[in-house]
Amino acid sequence: SELNEKFLKDTNGNNVTKLVDIVYYVIMTYTSVGYGDIFPNTMLAKIMSCIIGLTGFIMSIYLVSHLIEKAVENVQVFVNLQNKFDRYHR
């Protein structure tokens with residue numbers, strides 16, 4: 001189709017028609033890894049790239065959520081200490 005010829009090209013300029021290729025490009029775009037100068041040529045390499053990209057993405061989400069959780073806990077401790085201090089100094 002005309003849409004496929006215009007937009008769905010791989011880094012070699014070939015039409016992207018395989019599901020693995022489509023999933024690879026979606027995941028590499030979604031995880032902001034990009035395509036780069038070095039890229040996988042085989043289906044297995046693309047699957048591994050997707051697994052590695054998603055694993056890194058999930059780990060970064062976990063790290064950020066853990067840091068936010070700890071920050072909220074610290075704020076709660078500070079507020080509790082502030083409340084105790086205020087009650088003591090009334």
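Start at 1 with the first residue, then count along the sequence.
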Enquirer: Are M43 and I51 connected in the hydrophobic side-chain network, where two residues link if heavy atoms are under 4.5 Å apart?
Expert: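 Hydrophobic grouping puts M43 with I51.
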Enquirer: When you check the side-chain N and O atoms of D86 and Q82, is any donor under 3.5 Å from an acceptor?
Expert: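 Judged by distance alone, the side chains do pair up.
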Enquirer: OG1 of T42 to CE of M48: how many Å apart, nearest 0.5 Å?
Expert: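 Between T42 OG1 and M48 CE, I get 10.5 Å after rounding to 0.5 Å.
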Enquirer: Measuring from I52:CD1 to I47:CD1, what's the distance to the nearest 0.5 Å?
Expert: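 So the gap between those two atoms works out to 12.0 Å.
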Enquirer: How long is the gap from CG on L44 to NZ on K46, to the nearest 0.5 Å?
Expert: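 Separation between the atoms: 12.0 Å.
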Enquirer: With under 30° as parallel and over 60° as perpendicular, where do the rings of F85 and H89 fit, or are they tilted in between?
Expert: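 The arrangement is tilted - the two ring planes meet at 30° to 60°.
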Enquirer: Do the side chains of L63 and M59 get nearer than 4.5 Å, heavy atoms only?
Expert: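 No; the side chains remain at least 4.5 Å from each other.
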